[in-house]
Student: 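This is the structure, below, for whatever I ask next.
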2 protein chains.
Amino acid sequence: MMAPMSRTRFADMNCGIAQALEVLGDWWTLLVVRDAFFGARRFGDFEKSLGIAKNVLSARLAHLVEHGIFAKVDVGADGERFEYRLTEKGEALLPVLTTLREWSDDWVFGRGNEPVIVKDRRTGRRLAKLQVTDADGRPLTRRDLRTEAGPGASAATRRLLTPRPR
Amino acid sequence: MMAPMSRTRFADMNCGIAQALEVLGDWWTLLVVRDAFFGARRFGDFEKSLGIAKNVLSARLAHLVEHGIFAKVDVGADGERFEYRLTEKGEALLPVLTTLREWSDDWVFGRGNEPVIVKDRRTGRRLAKLQVTDADGRPLTRRDLRTEAGPGASAATRRLLTPRPR
DNA sequence: CAGTATCCTCGCAGATACTG
DNA sequence: CAGTATCTGCGAGGATACTG
């Protein structure tokens with residue numbers, strides 16, 4: 001009986017998508033990057049906005065630095081203070097986040113307050129109706145759940161990463 | 001002493017990106033979707049091309065069906081045969097995969113055979129040099145690792161999901 | 001404030017045997 | 001061929017105490 005193997009690594013698959021996922025696929029990773037686009041720089045920024053455990057955040061940041069997505073920059077005028085800043089490689093992830101948000105806008109929430117109808121592409125048959133509601137069952141619109149872009153984000157970035165006005 | 005909590009769920013975060021990751025964030029999920037774009041339809045198609053365990057694949061497919069990304073279509077002319085087909089919602093994920101692939105092309109591999117230089121965005125300082133090599137240390141180009149698009153993929157899809165010719 | 005060090009626990013995933 | 005059932009285990013991630 002063979003021992004169960006550890007998780008398969010995608011790094012040696014012959015596919016750019018798999019490669020990207022190997023770097024970005026962890027649960028928190030893309031959210032950390034998102035927060036960076038929203039202006040988070042310091043350890044505490046990420047910690048507060050994500051509500052992530054310190055050790056996990058530490059590991060994620062190290063991982064992202066290791067892969068050249070963040071630069072750990074010494075800004076220690078007074079002592080040892082660091083900031084995590086997006087590199088060019090990191091900033092190149094903006095389109096990935098943008099398309100994720102767009103997909104979510106269109107398909108996880110409705111664009112306005114109408115539910116999302118999931119259809120089979122060929123037959124056109126309705127497969128599911130998706131509607132996000134509040135605790136009382138009243139439908140929520142995408143605007144009710146607006147992402148808050150931090151003060152550090154540029155106007156252009158904020159526009160890209162916040163939900164489209166219907 | 002409090003018991004450690006289970007993994008944080010992103011579903012109730014006020015952010016479309018988090019919502020999308022809640023659906024797509026599992027390790028295999030986007031690769032399964034990718035294979036669907038490449039023409040995979042049957043259980044065995046995914047199993048073979050991904051080398052994924054049966055039960056895991058089963059769970060992933062069920063998850064994707066549940067979220068309306070795949071439709072489980074009965075094509076049982078002879079008996080009980082099913083196919084998993086992308087719905088409209090599923091097909092809308094193509095831009096997500098495309099931007100992931102583009103990012104990988106540009107930043108994980110070099111575009112051609114030149115290594116990727118990771119720079120700090122502001123200072124311009126070089127942080128890392130990335131180069132994919134074979135077992136003997138010889139640099140590989142992105143073309144050496146070409147993704148194979150299956151026969152089921154349309155020409156347009158294949159073009160979008162395969163590496164750019166340098 | 002910015003982490004590091006521990007401990008703990010479930011969730012994901014691998015292997016495999018089994019069913020129609 | 002298309003799964004389901006079961007067992008197993010790594011490891012990501014949560015909580016918390018501690019350090020400069």
Side-chain angles (χ1 to χ4, degrees), chain A residues 1-11 13 18 21-32 35-36 40-66 70-85, chain B residues 1-11 13 18 21-32 35-36 40-66 70-85:
Chain A
M1 190 183 320
M2 225 162 109
M5 266 180 46
S6 175
R7 211 201 69 219
T8 302
R9 296 286 158 180
F10 298 152
M13 288 191 183
L21 290 178
E22 184 62 34
V23 180
L24 306 171
D26 263 323
W27 278 101
W28 286 106
T29 308
L30 278 177
L31 289 185
V32 172
D35 271 22
R41 296 263 178 276
R42 307 258 295 279
F43 190 91
D45 295 339
F46 295 102
E47 194 184 5
K48 251 192 311 182
S49 66
L50 289 173
I52 187 177
K54 282 165 173 287
N55 54 348
V56 177
L57 176 56
S58 180
R60 285 294 138 256
L61 287 173
H63 176 83
L64 287 165
V65 168
E66 185 190 345
F70 280 159
K72 186 170 185 176
V73 181
D74 194 338
V75 292
D78 51 350
E80 54 290 274
R81 298 211 161 265
F82 296 99
E83 287 188 355
Y84 298 89
R85 296 204 193 133
Chain B
M1 185 184 322
M2 224 161 111
M5 266 181 43
S6 175
R7 210 200 70 220
T8 302
R9 295 286 159 180
F10 299 151
M13 289 190 181
L21 291 178
E22 184 62 35
V23 180
L24 306 171
D26 261 325
W27 275 101
W28 285 106
T29 308
L30 278 177
L31 289 185
V32 173
D35 272 23
R41 295 264 177 276
R42 307 259 294 282
F43 190 91
D45 295 339
F46 295 101
E47 193 184 5
K48 252 192 311 181
S49 67
L50 290 173
I52 187 177
K54 282 165 174 287
N55 53 350
V56 177
L57 176 58
S58 180
R60 287 291 136 258
L61 288 173
H63 177 84
L64 288 165
V65 168
E66 184 190 347
F70 280 159
K72 186 169 185 176
V73 180
D74 193 338
V75 293
D78 51 350
E80 54 290 274
R81 296 211 163 266
F82 295 99
E83 286 188 358
Y84 297 88
R85 297 206 191 131

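Below, chains carry the letters A, B, ... as their sequence lines are ordered, and counting in each starts from 1.
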Student: What is the separation between atom CH2 on B:W27 and atom C1' on D:dG13, rounded to the nearest whole Å?
Tutor: 13 Å
Student: Atom NZ of B:K54 to atom C1' of D:dT6: distance rounded to whole Å?
Tutor: 15 Å
Student: According to a strict under-4.0 Å criterion, is B:R7 in side-chain N/O contact with OP1 or OP2 of D:dG14?
Tutor: no
Student: Using a cut-off of 4.0 Å on non-hydrogen atoms, how would the nucleic acid contact of B:K72 be classed: base, sugar-phosphate, or nothing?
Tutor: sugar-phosphate
Student: Go nucleotide by nucleotide along DNA chain C from the 5' end; which of A:F43 and B:R60 gets its closest nucleotide reached first?
Tutor: A:F43
Student: From CZ of B:R9 over to P of C:dC12, roughly how many Å is that when rounded to an integer?
Tutor: 5 Å
Student: Only counting residues at least two apart or in another chain, list the ones meeting side chain to side chain donor-acceptor pair (under 3.5 Å) with B:D45.
Tutor: none
Student: Specify the separation, in whole Å, of atom CG of B:L57 and atom C1' of C:dC12.
Tutor: 14 Å
Student: Using the side-chain heavy atoms of A:A53, tell me which of these nucleotides is nearest: D:dG3, D:dG14, C:dA2.
Tutor: D:dG14
Student: Under 3.5 Å for both pairing distances: what stems, at least three Watson-Crick or G-U pairs long, include DNA chain C?
Tutor: C:1-20 with D:1-20
Student: To the nearest Å, give me how far apart CG (A:L61) and C1' (C:dA2) are.
Tutor: 11 Å
Student: Within a strict 4.5 Å, meaning less than it, do heavy atoms of the B:H63 and B:V32 side chains meet?
Tutor: no
Student: Quick check on C:dA13: is either OP1 or OP2 less than 4.0 Å from any side-chain nitrogen or oxygen of A:T8?
Tutor: no
Student: I'd like to know if A:N55 reaches the base of D:dG13 with its side chain such that a donor and an acceptor end up less than 3.5 angstrom apart.
Tutor: no
Student: Restricting to non-hydrogen atoms, name the atom on B:T29 and the atom on B:R60 that form the minimum distance, rounded to 0.1 Å.
Tutor: OG1-CD, 3.5 Å
Student: For a quick test of reading the model: is some side-chain N or O of A:S58 closer than 4.0 Å to OP1 or OP2 of C:dG3?
Tutor: no
Student: Can you measure B:L50 atom CG to C:dG14 atom P for me and round it to whole angstrom units?
Tutor: 10 Å
Student: Residues in side chain to side chain donor-acceptor pair (under 3.5 Å) with B:S49, at least two apart?
Tutor: B:D35
Student: Look at all strands and tell whether A:F46 reaches a base, only sugar-phosphate, or nothing, counting heavy atoms closer than 4.0 Å.
Tutor: nothing
Student: Taking side chain to side chain donor-acceptor pair (under 3.5 Å) as the definition, give me every residue that meets it alongside B:E22, ordered by chain and number, with sequence neighbours left out.
Tutor: B:R9
Student: Could you pull out all residues at least two apart from B:F10 that satisfy ring pair (Phe, Tyr, Trp, His ring centres under 6.0 Å)?
Tutor: A:W27, A:W28
Student: Rounded to whole angstrom units, what separation is found between the CD atom of A:E22 and the P atom of D:dG11?
Tutor: 13 Å
Student: Whole-Å distance between C:dC1 P and A:E47 CD?
Tutor: 8 Å
Student: Should the ring pair B:Y84 and B:F46 be called parallel, tilted or perpendicular, given that the plane angle runs from 0 to 90° and is split at 30 and 60?
Tutor: perpendicular
Student: Tell me every residue that passes side chain to side chain donor-acceptor pair (under 3.5 Å) with A:E66, counting only those two or more places apart in sequence or in another chain.
Tutor: none
Student: For the side chain of B:D26, counting heavy atoms from C-beta on, which of C:dA13, D:dC1, C:dG3 is nearest?
Tutor: C:dA13
Student: Less than 4.0 angstrom between a side-chain N/O of A:R81 and OP1 or OP2 of C:dG3, yes or no?
Tutor: no
